[in-house]
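A quick write-up on the structure given underneath.
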Number of protein chains: 2
Amino acid sequence: MTIQTRKQRDLRRREDLFLQVARRLLLERGFHGLTMDRIAEETEYSKGTTYLHFGCKEELILELGKRSRRQRLELITRGVTFDGRPRERMVAIGVAVDIHTRLFPDDVRIWEIMNAESIIEKIPADRQPDLKASDIAVNDMLIGLVNEAIACGDLVLRPGDSPQEITFGLWAITDGGFAAILGNAPLEHLNLRDPYAAIFKNCHVLGDGYGWRPLSTEWDYDATVERIRREVFPEESRVAFGGGEAA
Amino acid sequence: MTIQTRKQRDLRRREDLFLQVARRLLLERGFHGLTMDRIAEETEYSKGTTYLHFGCKEELILELGKRSRRQRLELITRGVTFDGRPRERMVAIGVAVDIHTRLFPDDVRIWEIMNAESIIEKIPADRQPDLKASDIAVNDMLIGLVNEAIACGDLVLRPGDSPQEITFGLWAITDGGFAAILGNAPLEHLNLRDPYAAIFKNCHVLGDGYGWRPLSTEWDYDATVERIRREVFPEESRVAFGGGEAA
DNA sequence: ACAACTCTTGACGCCGCGTCATATCATGGG
DNA sequence: CCCATGATATGACGCGGCGTCAAGAGTTGT
């Protein structure tokens with residue numbers, strides 16, 4: 001039993017090492033700069049050993065992406081526990097994503113790489129649901145929040161509106177916004193001062209447009225953001241936004 | 001002179017042939033299924049000849065993407081000539097994108113493939129501005145429309161709002177929405193009936209949120225869409241949405 | 001000490017990209 | 001009509017990366 005466990009632990013350690021080196025290579029040298037031989041060389045294992053862990057190069061990258069998504073999901077899950085009105089808790093999800101992006105900017109890039117058709121294309125299809133699991137979880141939370149808002153009367157749907165549409169809109173703004181920031185759009189041309197703030201802002205405008213109370217004109221959401229950072233992400237906020245000059 | 005021209009024309013023809021075959025291969029067999037040898041074989045030219053046209057495989061794919069972007073830009077440019085209030089003309093851009101997506105769904109997929117980091121990564125950097133040119137053009141049109149709306153009084157910016165933000169929001173919804181439709185998001189899970197309509201809808205909600213007159217509650221934008229299709233894209237609409245059973 | 005078993009290795013086969021020496025073709029002058 | 005000269009096309013080749021697997025190193029149990 002203990003021996004079994006130690007072996008498993010060693011394997012896990014080794015896998016972590018592979019992933020850590022792979023991550024560095026991917027970020028420093030790009031997709032084509034990441035090669036299985038290089039990983040083997042830098043970890044001082046052989047190539048055959050890496051293939052005991054990952055069926056192919058793409059699967060390795062996918063695993064990197066999955067871990068980063070899981071990490072983000074944890075932050076979001078914590079955010080949604082914030083004690084407040086549904087729309088405030090929606091803001092908390094935004095804060096979670098914002099913090100995640102600031103703390104781990106590289107992860108978003110890895111996710112972009114992973115999203116490339118050429119990666120997914122080579123993975124046996126049965127691994128892919130696993131990949132989307134955390135996205136689905138986030139989606140469920142979003143819809144859940146919208147439904148709560150409806151239940152408590154904060155949001156009254158107009159004829160033709162649906163919770164799915166609202167969720168889709170918020171998702172699209174966030175996703176499209178981050179994609180733009182990451183370089184798919186000519187952002188430097190459209191010179192926004194703070195693209196992250198613009199994403200937040202537009203989500204609020206959309207929320208107001210749907211009539212989701214309290215509207216941003218009748219509530220101090222900046223204060224809400226402060227509270228969320230203080231109460232839910234104190235440690236992360238200190239790291240992400242700096243805590244003065246104290247060590 | 002005429003000889004020179006005939007040669008150029010032949011070269012162009014051949015390039016078109018390469019691109020046409022490449023396009024088919026890319027769509028049928030994916031990124032990894034598209035190989036330079038295969039293109040040479042199917043066109044009955046040699047591989048060396050293909051390399052007279054394209055410096056590398058990625059450059060070829062990039063050219064495919066560029067052409068498709070240019071085509072979309074043409075539709076958008078036509079859309080923006082629509083005779084109406086600025087917000088109606090913004091809708092016309094949406095209609096153009098919608099029509100383009102319906103007429104050439106494959107192009108969007110090619111653009112996705114092209115967007116993959118692994119493609120861009122290998123292109124000598126001096127070709128990339130060229131790529132973004134049409135995106136920048138679209139962006140300029142969007143900002144131009146927002147400014148027109150401000151100039152004619154249809155849109156009164158609240159303190160803190162900027163034309164750039166509005167443009168960014170609309171862009172993000174559209175881009176993120178299409179990305180979601182193309183598979184980056186768990187769309188089948190969030191079961192929307194018509195994702196395309198949802199994009200439209202959310203753009204309207206955003207426009208309303210910014211107070212861009214006429215609001216969707218005080219104007220029949222469905223009628224505007226009909227007019228746009230009839231007046232600006234009669235032929236394309238017939239093909240895209242079917243024109244009854246007439247030949 | 002040795003057998004049986006597990007884990008690790010790196011040389012190898014294959015494939016696709018991109019090159020370049022060679023072959024083929026076109027043109028024009030003798 | 002033929003050959004020289006330059007332009008164009010070709011595909012065999014080199015290279016590098018992926019993924020495999022037979023052989024070797026290490027471990028465990030007796």
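Proteins get letters first, then strands, A, B, ... in listed order; numbering begins at 1 in each.
We find that CG of A:Asp37 is positioned 6 Å from P of D:dC18, with the value rounded to whole Å. Across the protein-nucleic acid pair, B:Arg38 atom CZ and C:dG16 atom P stand 6 Å apart, rounded to whole Å. Remark: P of C:dG16 and NE2 of A:His32 are 16 Å apart, rounded to the nearest angstrom. Per the geometry, CZ belonging to A:Phe31 stands 12 Å off P belonging to D:dG17, to the nearest Å. One interatomic measurement links the two molecules: CD1 of B:Ile39 to P of C:dG18, which rounds to 11 Å at whole-angstrom precision. For B:Lys57 and C:dC15, the NZ to P distance is 15 Å, given to the nearest whole Å. Atom-to-atom, CZ of B:Phe18 to P of D:dT10 comes out at 8 Å; the value is rounded to the nearest Å. Rounded to whole angstrom, the span from the CG atom of A:Leu17 across to the C1' atom of C:dT8 amounts to 16 Å.
Taking 4.0 Å as the cut-off between side-chain N and carboxylate O, A:Glu41 and A:Arg38 do not count as a salt-bridged pair. Under 4.0 Å is where a charged nitrogen must lie from a carboxylate oxygen, and between A:Asp106 and A:Arg24 no such pair does. Using a 4.0 Å cut-off between a side-chain N of Lys or Arg and a carboxylate O of Asp or Glu, B:Arg23 and B:Asp107 qualify as a salt bridge.
Non-hydrogen atoms lying under 4.0 Å from DNA chain D are contributed by nothing in residues 60-67 of chain B. Interface residues of residues 44-54 of chain B facing DNA chain D, ordered by number: B:Tyr45, B:Ser46, B:Gly48, B:Thr49, B:Leu52; criterion, heavy-atom separation under 4.0 Å.
Residues meeting the ring pair (Phe, Tyr, Trp, His ring centres under 6.0 Å) test with A:Tyr45, sequence neighbours left out: A:Phe18. Applying the side chain to side chain donor-acceptor pair (under 3.5 Å) test to B:Ser162 and every residue at least two apart in sequence or in another chain returns nothing. Checked against side chain to side chain contact (heavy atoms under 4.5 Å, CB included), B:Val225 has the following partners two or more places apart in sequence or in another chain: B:Val91, B:Val95, B:Phe200, B:Arg229.
Using a 4.0 Å heavy-atom distance criterion, A:Leu34 is classed as a sugar-phosphate-only contact. Within 4.0 Å of B:Arg14, counting heavy atoms only, lie sugar-phosphate atoms of the nucleic acid but no base atom.
For B:Asp175 (side chain) and A:Gly177 (main-chain N/O), no donor-acceptor pair under 3.5 Å exists by modelled atom type. A donor-acceptor pair is defined here as one N or O able to donate and one able to accept, closer than 3.5 Å; such a pair exists between the side chain of B:Lys57 and the backbone of B:Leu34. Proximity of a side-chain donor or acceptor of B:Asn202 to a complementary backbone N or O of A:Glu165 within less than 3.5 Å is detected. No side-chain donor-acceptor contact under 3.5 Å links B:Arg89 to the backbone of B:Gly79.
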Using a 4.0 Å heavy-atom cut-off, write out nucleotides 21-26 of chain C from 5' to 3' as B (base contacted by protein), S (sugar-phosphate only) or - (no contact). ------

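With rounding to the nearest 0.5 Å, the separation of CZ in B:Arg14 from NE2 in B:His53 is 3.5 Å.
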